[in-house]
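Data first, discussion second: the structure below is written as structure tokens.
By convention here, the first residue in the shown sequence is residue 1. Owing to the predicted nature of the structure, the values given are computational and were not obtained by experimental measurement.
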Amino acid sequence: MVDLFLGHSLVCNNRDRVEYDTERDVMLRLQNRILLLFFGSADCQRCQEFIPTLKDFFKRLTDEFYVERSAQLVLLYISLDQSEEQLEHLLKELPKKCLFLTHDDPYRRELESMFEVEDVPRVVVLRPDCSVLSPNAVSEISSLGTDCFHNWQESAELIDRNFMLNEEFDDKKMRSVTDPIRRLKYKPQAYQKSVP
């Protein structure tokens, strides 16, 4: 999937509009992740109606308020808008963690023809190797919600980012990546071992 976007600038939909344009940046953002290409337009009523569903779907899988660990998922908005103002209007409705291609990037139209987008909204789901998992997942996201991600994850055979923990941590809920180190350092009662 990384190859699909090398040489193109991906912009984060946050206040700073951070650009990911180097090979390293793009690899870090896209490698070993399922990619949702959301084709839409601000002047499309169906897109306006679908965006809250897509936003909720994405937040429930990536926001730490809902999940312990963010899903291996990237949302990339491909604007089919006629103007920069329309693009900006729609970006206000999308999650802050999503990426997008700038309005003046001609690659938007190449992607539109590559994935044969004829109507919007359309969500093309890609595996990490760029093969298509779902050519249009709008109805799937609307009807199944986050359950469809688990189906995609299984089909995509993603490499799990978890690492094996020692047996002593198996039953405990971790609050962060450094939680096991912190527990060892401060030795909570539950983890102290009796010395014979």
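- For the atom pair Leu4 CG and Cys130 SG, the distance stands at 4.5 Å (nearest 0.5 Å).
- Val18 and Val74 end up in the same hydrophobic cluster when Ile, Leu, Val, Met, Phe, Trp and Tyr side chains are linked at under 4.5 Å.
- Side chains of Phe50 and Ile141 form a contact here, defined as non-hydrogen atoms less than 4.5 Å apart.
- Ring orientation note: the planes of His8 and Tyr107 are close to parallel, at an angle under 30° on the 30°/60° scale.
- Taking all atoms of both residues into account, the shortest heavy-atom contact from Gly40 to Cys47 is CA-SG, 3.7 Å.
- The distance from atom SG of Cys98 to atom CG of Leu73, rounded to the nearest 0.5 Å, is 11.0 Å.
- Looking at Cys12 and Arg29, their side chains come closer than 4.5 Å, going by heavy atoms from C-beta outward.
- For the atom pair Leu6 CG and Asp25 CG, the distance stands at 11.0 Å (nearest 0.5 Å).
- Nearest heavy atom pair, residue Ser79 against residue Leu87, reads CB-CD1, 3.4 Å.
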Handout entry: Working for side chain to side chain contact (heavy atoms under 4.5 Å, CB included), residues Cys148 and Phe57
Key = CA-CA 10 Å; Cys148 64; Phe57 170 81; 3.7 Å; yes
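- Between the side chain of Asn13 and the backbone N or O of Pro95, at least one donor-acceptor pair lies under 3.5 Å.
- No donor-acceptor pair under 3.5 Å is formed between the side chain of Arg122 and the backbone N or O of Phe39.
- Heavy atoms from other residues, nucleotides or ligands lying under 6.0 Å from NZ of Lys55 number more than 12.
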Exercise for the section: Using the side chain to side chain contact (heavy atoms under 4.5 Å, CB included) rule, take Asp43 and Gln86 through it: C-alpha gap first, then chi angles, then the decisive distance, then the call. Expected result: CA-CA 8 Å; Asp43 59 356; Gln86 288 178 321; 3.9 Å; yes
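- Residues Val125 and Leu35 fail the side-chain proximity criterion, which asks for heavy atoms closer than 4.5 Å.
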Exercise for the section: Determine, step by step, whether Ile51 and Phe38 satisfy the side chain to side chain contact (heavy atoms under 4.5 Å, CB included) criterion, reporting the C-alpha distance in whole Å, the side-chain angles of both residues, the deciding distance to 0.1 Å, and the verdict. Expected result: CA-CA 10 Å; Ile51 285 175; Phe38 172 47; 4.0 Å; yes
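- Both Val132 and Ile78 are members of a single hydrophobic cluster when ILVMFWY side chains are connected at heavy-atom separations under 4.5 Å.
- Summarising the geometry, atom CG belonging to Leu91 is positioned 11.0 Å from atom CG belonging to Asn14; distances are rounded to the nearest 0.5 Å.
- A pairwise comparison of heavy atoms in Leu76 and Leu101 identifies CD1-N, 4.3 Å as the closest pair.
- At distances below 3.5 Å, not a single donor-acceptor pair connects side-chain atoms of Ser131 with backbone N or O atoms of Arg127.
- Glu140 places a side-chain heavy atom less than 4.5 Å from the side chain of Trp152.
- Rounding to the nearest 0.5 Å places SG of Cys44 at 8.5 Å from CG of Asp119.
- Hydrophobic clustering places Met114 together with Leu30 (ILVMFWY residues linked when any side-chain heavy atoms are closer than 4.5 Å, directly or through intermediates).
- Nearest heavy atom pair, residue Ala42 against residue Leu90, reads CA-CD1, 4.0 Å.
- Side-chain atoms of Arg60 never come within 3.5 Å of backbone atoms of Tyr66 as a donor-acceptor pair (strictly under, hydrogens ignored).
- At a threshold of 4.0 Å, the pair Glu112-Arg109 counts as salt-bridged, since one of the basic side-chain nitrogens sits closer than that to a carboxylate oxygen.
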Exercise for the section: Tell me, with the steps shown, if Leu111 and Phe5 meet side chain to side chain contact (heavy atoms under 4.5 Å, CB included). Expected result: CA-CA 10 Å; Leu111 289 170; Phe5 293 98; 3.9 Å; yes
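- Residue pairs meeting the salt bridge (Lys or Arg N to Asp or Glu O under 4.0 Å) criterion with at least one member in residues 77-103, sequence neighbours excluded: Arg17-Glu88.
- Atoms OG and CD, from Ser142 and Glu49 in turn, are 10.5 Å apart once rounded to the nearest 0.5 Å.
- Residues Leu54 and Leu75 meet the side-chain proximity criterion, which asks for heavy atoms closer than 4.5 Å.
- Here the closest heavy-atom approach between residue Arg108 and residue His103 is recorded as NH2-O, 3.0 Å.
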